[in-house]
K.L.:
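One structure follows; several queries about it will come next.
When a ligand or atom number is given, it counts from 1 through the structure's own listing order. The figures that follow rest on heavy atoms only: side chains count, while hydrogens, waters and symmetry mates do not. This chain uses plain numbering: 1 for the first residue, then up along the sequence. Remember, it's a predicted structure, so these values are computed and weren't measured experimentally.
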Amino acid sequence: MDRAAPPVTRFAPSPNGRLHLGHALSAIVAHDLAREGGGRFLLRIEDIDGPRSRPELADEFRRDLEWLGLEWEEVSAQSTRLASYAAAADDLKARGLIYPCTCTRSEIEAAGALPGAEGLIYPGTCKHRAPDPARPAAWRLDAEKALAITGPLVWEDALAGPQQVDLADLGDVVLVRKDLPASYHLAVTLDDAADGVTLVTRGADLFAASHVHRTLQALLGLPVPRWHHHPLLLGEDGEKLAKRRGSPALAERREGGEDGRVLAAQLRMQLLALGT
Ligand code: GLU
Ligand code: ZN
C-alpha cells in the first residue's frame with residue numbers, strides 16, 4: 001500500500017442497539033485519522049443482523065454523528081450487498097476452503113470446545129463428516145487449508161506494529177451464517193475492499209478478527225489495508241464503557257441538550273491520555 005496516499009477510513013455501526021460512548025470514540029478515531037491525512041471518512045450501516053437489526057436506528061446514528069461534529073460520506077448499507085457476499089462464498093465453497101457445519105451451540109459446548117479470542121474455538125466436528133442435509137448449515141473456514149494456501153501472512157497495526165497471522169485462537173470461524181450469505185468476517189472484509197478502505201479503524205476488542213480478515217484478503221485476492229485498533233474506554237470498574245449498564249446512549253445525551261462537540265473534544269483528550 002502507498003503510505004503517502006490519503007487514507008480512507010470508515011465507521012461501520014450495526015443498527016441493533018443505540019450508540020454509546022465507545023462508538024463515539026471509534027467514529028472520532030476514524031474521522032480524525034482521515035481528516036489529518038487529507039483522506040475520506042465513510043459511514044457504512046452494517047444492517048444484516050437479521051431479526052436484531054432495527055433499520056430505524058440508522059437515522060439516529062446519523063444524527064448522533066452530526067451532533068458530535070463529524071462529517072462523512074455514506075456508502076451502501078450491507079443489506080444491499082448480499083449478492084457480492086454470496087458470490088465470494090460460492091468461490092470459497094468451490095475451492096473447498098469452507099465446509100458446512102450443522103452444529104448447534106450446545107453441541108459445540110458438549111464437544112469440549114475451548115474458549116478462544118471470540119468465544120468458543122470450534123472443535124472441528126463437521127470438518128470430516130457429510131452434513132445432514134435436513135439441518136441448516138453455516139459454513140466455516142478450513143483454517144488449516146487456508147494457511148496451506150496462503151503461507152505465512154503479516155498485517156500491520158498502526159499502534160501494535162507488524163503482526164503475523166495466527167488463527168489458532170479463532171479456529172474455523174463461521175464465514176456464512178445459517179440465516180445469511182455472510183458472517184461479520186466475510187461481509188466486513190468484502191465491504192472494506194469494495195469501499196476502498198485503506199485504514200481499518202476499530203476497537204482493540206476486535207483485534208483478533210483482523211487475522212481472519214487478512215487471511216480472507218489473501219484467499220480472495222483483495223487489497224490489504226493497514227489497521228488501527230484503538231484502546232477501549234474503560235469505566236472506573238474496568239468494564240467496557242460501551243456496554244456498561246446505565247451508561248446513557250448518545251441519543252439520550254443529545255436529546256438531553258448536551259453539546260456533542262464538547263463531548264467529542266473530551267473524548268479526543270481521553271485518546272491522547274490513552275496514548276494513541
Ligand atoms: N459492525 C461492526 C460492529 O459494530 C463493525 C466492526 C468493525 O469495525 O469491523 O461491531
Ligand atoms: Zn459442526
K.L.:
Within a distance under 4.0 Å of any heavy atom of Val188, pick out the atoms of ligand 1 and give their elements.
P.N.:
9 (O)

K.L.:
side-chain contact (heavy atoms from CB on, under 4.5 Å) for Ile149 and Leu97? Distances and angles first, verdict last.
P.N.:
CA-CA 10 Å; Ile149 290 180; Leu97 288 165; 3.5 Å; yes

K.L.:
Are Trp155 and His229 close enough that their ring centers fall under 6.0 Å?
P.N.:
yes

K.L.:
Parallel, tilted or perpendicular, judged at 30° and 60°: which one describes the rings of His211 and Phe207?
P.N.:
perpendicular

K.L.:
Using heavy atoms and a threshold below 4.0 Å, how should the contact between Leu206 and ligand 1 be classified: side chain, backbone, both, or neither?
P.N.:
side chain

K.L.:
For atom 1 (N) of ligand 1, what is the nearest protein heavy atom, given as residue, atom name and distance?
P.N.:
Glu46 OE1, 2.6 Å

K.L.:
For Arg62, which of Glu74, Glu56, Glu71 qualifies under salt bridge (Lys or Arg N to Asp or Glu O under 4.0 Å)?
P.N.:
Glu74

K.L.:
Who's the nearest protein heavy-atom neighbour of atom 5 (C) of ligand 1, and how far?
P.N.:
Ala12 O, 3.2 Å

K.L.:
Write out all pairs satisfying ring-ring contact (aromatic ring centres under 6.0 Å, His included) with one or both partners inside residues 157-199, taking only residues at least two apart or from two chains.
P.N.:
Tyr184-His213, His185-His213

K.L.:
Can a salt bridge be assigned to the pair Arg261 and Asp259 using a cut-off of 4.0 Å between side-chain N and carboxylate O?
P.N.:
no

K.L.:
Do Arg44 and Phe11 form a cation-pi contact, if we require the NZ or CZ to be under 6.0 Å from the six-membered ring centre and within 45 degrees of the ring's axis?
P.N.:
no

K.L.:
Assess Tyr184 for proximity to ligand 1: is some non-hydrogen atom of it under 4.0 Å away?
P.N.:
yes

K.L.:
When you group the ILVMFWY residues by side-chain heavy-atom contacts below 4.5 Å and let the links chain together, are Val176 and Tyr85 in the same group?
P.N.:
yes

K.L.:
For atom 8 (O) of ligand 1, find the nearest protein heavy atom and state the residue, atom name and distance (0.1 Å precision).
P.N.:
Arg10 NH1, 2.5 Å

K.L.:
Any luck finding a side-chain donor-acceptor pair between Arg202 and Ser210 under 3.5 Å?
P.N.:
yes

K.L.:
Which residues and atoms, counting only protein N, O or S, are under 2.8 Å from the Zn ion (ligand 2)?
P.N.:
Cys101 SG, Cys103 SG, Tyr122 OH, Cys126 SG

